[in-house]
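Numbering starts at 1 and runs along the sequence shown.
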Amino acid sequence: MSNKRIKGEQLYMFMGLAGNLRPIGCSTDCSLDLSADAIETSKRGQGGWRTFRAGQKSWSMDCAGFYFDTDTIPTNFKQGRKAIGTIVKVAITVLARELVEAGIDLSTVHPAPSHTLIGDAVVVNCGYSGSQGGFATYKIQFTGSGELLPLE
């Protein structure tokens with residue numbers, strides 16, 4: 001078994017737009033967080049140590065990158081304004097290193113079932129910023145609604 005490291009640019013997010021999963025354009029940073037509540041089950045007489053059991057699970061995804069004012073990218077101002085507070089389909093995937101290194105147009109890539117998790121999420125934040133002399137950037141944050149599943 002080989003240990004192949006995954007580069008950051010191989011981790012890519014997709015968002016449901018008009019019924020299709022579209023890449024969240026030009027992302028420079030994306031993350032997936034999975035968590036579970038810890039519910040205390042401690043009782044007297046356990047020697048002073050707390051005990052816990054797993055509670056409800058949750059997940060969230062964040063993505064950030066350079067902003068392009070294009071109607072086809074789901075991160076523009078108009079679509080961001082419409083998206084906040086809505087439930088959308090999102091996916092996170094690991095793209096093959098060869099695709100990324102070849103400089104393929106990522107907007108033509110579809111998530112690979114073998115390396116993708118997908119689920120419904122609420123768009124909780126769309127942010128845009130820029131500094132004088134720098135590039136404008138965006139961020140978009142999702143909170144999962146239901147289970148995160150492998151893409152079939």
J.: Hydrophobic clusters here meaning ILVMFWY residues chained together by side-chain heavy-atom distances under 4.5 Å, can you tell me if Tyr128 and Met15 are in one?
T.: yes
J.: Taking the side chain as every heavy atom from C-beta outward, state whether Ile118 and Leu21 have any atom pair closer than 4.5 Å.
T.: yes
J.: So Leu11 and Val94, side chain to side chain contact (heavy atoms under 4.5 Å, CB included) or not? Walk me through it.
T.: CA-CA 5 Å; Leu11 195 60; Val94 176; 4.2 Å; yes
J.: Could you walk me through whether Ile92 and Leu148 satisfy the side chain to side chain contact (heavy atoms under 4.5 Å, CB included) test, starting with their C-alpha distance in whole Å, then the side-chain angles of each, then the deciding distance to 0.1 Å, before giving a yes or no?
T.: CA-CA 10 Å; Ile92 191 164; Leu148 188 63; 5.6 Å; no
J.: Taking Thr93 for its side chain and Tyr12 for its backbone only, find out whether a donor-acceptor pair lies under 3.5 Å.
T.: no
J.: Quick check for you: to the nearest 0.5 Å, what is the distance between Met61 atom CE and Leu34 atom CG?
T.: 8.5 Å
J.: Taking atom SG of Cys63 and atom OH of Tyr138, what is their separation to the nearest 0.5 Å?
T.: 3.5 Å
J.: Evaluate the side chain to side chain contact (heavy atoms under 4.5 Å, CB included) criterion for residues Met13 and Ile140: first the C-alpha distance (whole Å), next the side-chain angles of each, then the deciding distance (0.1 Å), finally the verdict.
T.: CA-CA 11 Å; Met13 287 185 58; Ile140 188 166; 5.8 Å; no
J.: Working to the nearest 0.5 Å, report the span between CG of Leu117 and CD of Glu147.
T.: 10.5 Å
J.: If I compare all heavy atoms of Ile87 with all of Ser145, which pair ends up nearest, and what's the gap?
T.: CD1-OG, 4.3 Å
J.: Run the numbers on Thr137 and Ser129 for side chain to side chain donor-acceptor pair (under 3.5 Å), then give the verdict.
T.: CA-CA 5 Å; Thr137 60; Ser129 63; 3.1 Å; yes
J.: Heavy-atom count check: over 12 atoms from other residues, nucleotides or ligands less than 6.0 Å from Phe135 CZ?
T.: no
J.: How far apart are the closest heavy atoms of Gly55 and Ala36, and which atoms are they?
T.: O-CB, 4.5 Å
J.: Decide side chain to side chain contact (heavy atoms under 4.5 Å, CB included) for Glu40 and Thr51; before the verdict, give the C-alpha distance in whole Å, the side-chain angles of both, and the deciding distance to 0.1 Å.
T.: CA-CA 6 Å; Glu40 187 169 356; Thr51 58; 5.8 Å; no
J.: Can you see which heavy atom on Thr116 is nearest to which on Ala91, and at what distance?
T.: CG2-CB, 3.9 Å
J.: What's the separation between atom CG in Asp37 and atom NZ in Lys57, rounded to the nearest 0.5 Å?
T.: 11.5 Å
J.: Just so I know, are the side chains of Trp59 and Val90 near enough to count as touching, which here means a heavy-atom distance under 4.5 Å?
T.: yes
